Amino acid sequence: MKPVKTLRLMGLSSGILLSLAASSNSLAADLAWQVTPFAGYSSSMSFDSNEVSNLESKEGGNWGLMVHKETKDPGILGVLFSNQKTDLSPDGYGDLTIQYLHLSGALVSPDTLHPYIGAGAGLTRLSAYDSTIKPSMSLAVGIQPRLANNFAITAELRGYGTFFNSSSQFICDPAVACKARVESKLMGQLQANIGMTFRF
């Protein structure tokens, strides 16, 4: 994907989030903050590489934290952080840490289960032998049933897209000849998460 298209997609996602904030006009005093620690399961992430076939991260567990402010839409606006430590496949390419830091927001239905759709835009950090930081976006669908006025359960599916505009060698062991140059333009990953939401 070309850098211009990447910037357009990032701008579109950011525009959705800014529109969510603007449409709320002002935050009412009784609108709560939401703090949601969560855990989940991440799919594999495939890396296009001319040198290594089927180069990908292995699926596995992840954890993270979301902090949002409720708005009058109704909706939420805030930040999320997600962390996954996994292995690279084929075996022998070592560990990989995948971290997302996004400005995120969602439109929430007032129904009993409080279903929502959300979007995020921010950065992905990929760390193996070296690390690299790339722009990324996310889309989410979920539910947030409230068990009490100040406590809810949050369950969601969130898809991430991370953009590359050039080849990268962060997976390579500097002690040996590099055989894992990443040629991907867009890398996707899906997460299934569940968390406890504290409202105050």
Side-chain angles (χ1 to χ4, degrees), residues 6-43 45 60-85 97-126 133-163 187-200:
T6 298
L7 291 174
R8 286 177 179 171
L9 286 171
M10 290 290 291
L12 177 61
S13 182
S14 298
I16 293 173
L17 300 177
L18 291 175
S19 295
L20 177 63
S23 63
S24 64
N25 295 321
S26 62
L27 297 176
D30 60 344
L31 295 176
W33 284 93
Q34 296 186 4
V35 177
T36 307
F38 66 86
Y41 198 80
S42 295
S43 69
M45 178 185 284
N62 62 266
W63 59 267
L65 180 69
M66 295 185 284
V67 179
H68 291 109
K69 177 68 176 178
E70 296 174 0
T71 69
K72 292 174 65 177
D73 293 305
I76 54 175
L77 186 67
V79 296
L80 75 83
F81 171 77
S82 174
N83 182 86
Q84 180 196 13
K85 187 172 179 62
T97 299
I98 304 171
Q99 296 174 319
Y100 299 101
L101 181 63
H102 279 196
L103 172 66
S104 65
L107 293 174
V108 184
S109 169
D111 293 346
T112 303
L113 293 178
H114 291 86
Y116 65 86
I117 57 172
L123 300 172
T124 302
R125 180 177 181 268
L126 300 161
I133 296 175
K134 298 295 182 181
S136 57
M137 299 189 313
S138 66
L139 296 173
V141 293
I143 57 173
Q144 193 184 75
R146 293 183 184 176
L147 305 183
N149 185 55
N150 61 351
F151 180 73
I153 297 295
T154 297
E156 71 169 24
L157 289 175
R158 184 174 293 269
Y160 292 92
T162 300
F163 302 97
M187 298 184 303
Q189 187 175 42
L190 181 65
Q191 288 185 353
N193 299 318
I194 187 166
M196 298 179 295
T197 298
F198 303 93
R199 302 176 67 246
F200 62 92

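All heavy atoms count here, side chains included; hydrogens, waters and symmetry mates do not. Because the structure is a prediction, the values reported are computed rather than measured.
- Atom CZ of R146 and atom CD of Q144 lie 6.5 Å apart (nearest 0.5 Å).
- A side chain to side chain donor-acceptor pair (under 3.5 Å) with R158 holds for exactly one of S82, S138, S42, S104; it is S138.
- A119 and L139 make their closest contact through CB-CD2, 4.0 Å (heavy atoms, listed as atom of the first residue, atom of the second, distance).
- Without hydrogens or angle criteria, N62 side chain to Y41 main chain gives a donor-acceptor distance under 3.5 Å.
- Separating the OG1 atom in T124 from the NZ atom in K134 is a distance of 10.5 Å, to the nearest 0.5 Å.
- Ring geometry for Y100 against Y160 counts as parallel: the plane angle stays under 30°, on a 0 to 90° scale with 60° as the upper cut.
- Looking at E156, its side chain never comes within 3.5 Å of a backbone N or O of N193 through a donor-acceptor pair.
- Residues A106 and Y116 come closest through the heavy atom pair CB-CD1, 3.9 Å.
- A distance of 5.0 Å separates CG in L126 from CE in M187, rounded to the nearest 0.5 Å.
- Contact detail for M196 and P37: the closest heavy-atom pair is O-CD, 3.1 Å.
- For the residue pair S136/T162, the side-chain donor-acceptor check at 3.5 Å is not satisfied.
- Atom CD1 of I143 sits in a crowded spot, with more than 12 heavy atoms from other residues, nucleotides or ligands closer than 6.0 Å.
- Using a 4.5 Å heavy-atom threshold, the side chains of N83 and Q99 count as touching.
- Taking OG1 of T197 as the reference point, atom CG of N150 lies at 11.5 Å (rounded to 0.5 Å).
- Minimum heavy-atom separation, L103 to G78: CD1-O, 3.2 Å.
- For Q191 and Q84, the side-chain atoms include no donor-acceptor pair closer than 3.5 Å.
- Residues K69 and L31 come closest through the heavy atom pair NZ-O, 2.7 Å.
- Side-chain atoms of Q34 and M66, non-hydrogen and from C-beta on, never get closer than 4.5 Å to each other.
- Q189 and S43 are not linked by any side-chain donor-acceptor pair at a separation below 3.5 angstrom, with hydrogens and angles left out of the test.
- At least one side-chain heavy atom of V67 sits under 4.5 Å from a side-chain heavy atom of W33.
- Rounding to the nearest 0.5 Å places NE2 of H68 at 6.0 Å from CG of L80.
- The CZ atom of F81 sits 9.0 Å away from the CZ atom of R125 when rounded to the nearest 0.5 Å.
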